[in-house]
Asker: 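Structure incoming, see below.
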Amino acid sequence: MRTENHREGVLGVLGGMGPQATNTFYQRLIDRTQAEKDQEHLQVLIWSDAKIPDRTAGILAGAEEAEKVYQALLAGAKLLEGAGCTVLAIPCNTSHYFADRLQGQLKIPLIHMIRETVAFIAAQGKRKVGILATDGTVRTGIYQTALTAAGLTPVTLPEDLQKTVMSIIYDEIKRGETGSREKFGEIDAWLRQAGCDCAILGCTELSVYRVLHSLPPFYIDAMEVLAEQAILRCGKQLRNV
């Protein structure tokens, strides 16, 4: 992970997508910040807007519904910017379909979760990368584009296993369940048989699954990458774990 120094800043977190994922992200910030007392932790303002329309449903429904998602994201981002935040993090992979457009309307930097995750993977020397994400993230190709640009080979799941991923995300984690080990085991077996060097947990509900089930290093958690970058860009040091 890159370790460049940055002036201490105030982190804005545009969350609520979903609420448990936002909670997990904040816990990750606490766990990964090198701090020995309260005053050494980040200053963080969290706007957990659970009313933001579902990103996958909105994007796949067409331009009109996608625009509703974008406007909700922009309103939240502007709220945080106006409140004095100097760095913005959005712990939702699918929402990064709108990231460049959002950045164009903001004066503060938005940490690009997808590109930072791909840069982290490339720095590790990985080559063939599985993508576990929502239909919205997969179909818009935001990870595939970033991976290909970095000279890496993206691997998406066959239709039946993509449905399994969506079931874990929407039928289990978003409903407060822990997620099926058996279902995930089928996905894991396919990825390894396909020759992947690693796989991206490209949905923050899958980041929640990782916490609950202690997945091996084969799985690169985009939320973890985002948390580390947020800490560094706010001028703090990372705690080794």
Asker: Do the non-hydrogen side-chain atoms of Asp197 and Val129 ever get within less than 4.5 Å of each other?
Answerer: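 No, side chains not in contact.
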Asker: Identify whether the distance between the nearest side-chain nitrogen and carboxylate oxygen of Asp135 and Lys163 falls below 4.0 Å.
Answerer: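 So Asp135 does not pair with Lys163 through a salt bridge.
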Asker: Calculate, to the nearest 0.5 Å, the distance between atoms CE and OG belonging to Met17 and Ser48 respectively.
Answerer: 8.5 Å
Asker: Return yes when atom OH of Tyr209 has more than 12 non-hydrogen atoms of other residues, nucleotides or ligands closer than 6.0 Å, and no otherwise.
Answerer: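 More than 12 heavy atoms, drawn from other residues, nucleotides or ligands, come within 6.0 Å of this atom.
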Asker: Please report the shortest heavy-atom distance between Ile52 and Gly15, naming the atom on each side.
Answerer: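 Reported closest heavy-atom pair: CD1-O, 4.3 Å.
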Asker: For Glu8, is there an ion pair with Lys236 - N to carboxylate O distance below 4.0 angstrom?
Answerer: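 Looking at Lys236 and Glu8, the cut-off is met.
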Asker: Less than 4.0 angstrom from a charged side-chain N to a carboxylate O is my criterion; do Arg210 and Asp221 meet it?
Answerer: yes
Asker: Answer yes if the ring centres of Phe184 and Tyr219 are under 6.0 angstrom apart, and no otherwise.
Answerer: yes
Asker: Are any of the side-chain nitrogens in Lys183 or Glu172 under 4.0 Å away from the carboxylate oxygens of its partner?
Answerer: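 So Lys183 pairs with Glu172 through a salt bridge.
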Asker: Are side-chain N/O atoms of Gln27 and Asn23 paired as donor and acceptor at under 3.5 Å?
Answerer: no
Asker: Inspect the contact between Lys68 and Glu65 and indicate whether a charged nitrogen and a carboxylate oxygen are less than 4.0 angstrom apart.
Answerer: yes
Asker: With rounding to the nearest 0.5 Å, note down the distance linking NE2 in His96 to CG in Leu110.
Answerer: 5.0 Å
Asker: So do Leu11 and Leu45 actually touch side chain to side chain, heavy atoms under 4.5 Å?
Answerer: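 No - every pair of side-chain heavy atoms lies 4.5 Å or more apart.
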Asker: Return yes if a side-chain donor-acceptor contact under 3.5 Å exists between Thr134 and Thr137, otherwise no.
Answerer: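 The answer is yes; a qualifying pair exists.
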Asker: State, yes or no, whether a side-chain contact exists between Leu226 and Ile90 at a heavy-atom distance under 4.5 Å.
Answerer: no
Asker: May I ask you to check whether over 12 heavy atoms, not counting those of Gln71, lie within 6.0 Å of atom CD?
Answerer: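 Yes - once you tally the heavy atoms of other residues, nucleotides and ligands closer than 6.0 Å, there are more than 12.
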Asker: Checking Arg115 against Asp100 for the salt bridge (charged side-chain N to carboxylate O under 4.0 Å, His left out) test, could you report, in this order, the C-alpha distance in whole Å, the side-chain angles of both residues, the deciding distance, and whether it holds?
Answerer: CA-CA 11 Å; Arg115 291 177 190 147; Asp100 289 336; 2.6 Å; yes
Asker: If I take atom CD from residue Glu228 and atom CD from residue Glu116, how far apart are they, to the nearest 0.5 angstrom?
Answerer: 10.5 Å
Asker: State the CD-CZ distance between Glu224 and Phe25, to the nearest 0.5 angstrom.
Answerer: 10.0 Å
Asker: Salt-bridged, Glu67 to Arg101, with N to O below 4.0 Å?
Answerer: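 Salt bridge flag = yes for Arg101 with Glu67.
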Asker: Answer with yes or no whether the hydrophobic clustering places Val138 together with Met166; edges join I, L, V, M, F, W, Y residues whose side-chain heavy atoms lie under 4.5 Å apart.
Answerer: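 Different clusters.
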Asker: Evaluate the side-chain proximity of Thr178 to Ile173: yes if any heavy-atom separation is below 4.5 Å, no if none is.
Answerer: no
Asker: Taking everything shown except Gln39 itself, do over 12 heavy atoms lie less than 6.0 Å from its CD?
Answerer: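 Count over threshold, so yes.
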Asker: Just wondering, do Glu205 and Ile168 contact through their side chains at under 4.5 Å, heavy atoms?
Answerer: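 The answer is no, as the side chains (C-beta and beyond) never meet within the 4.5 Å cut-off.
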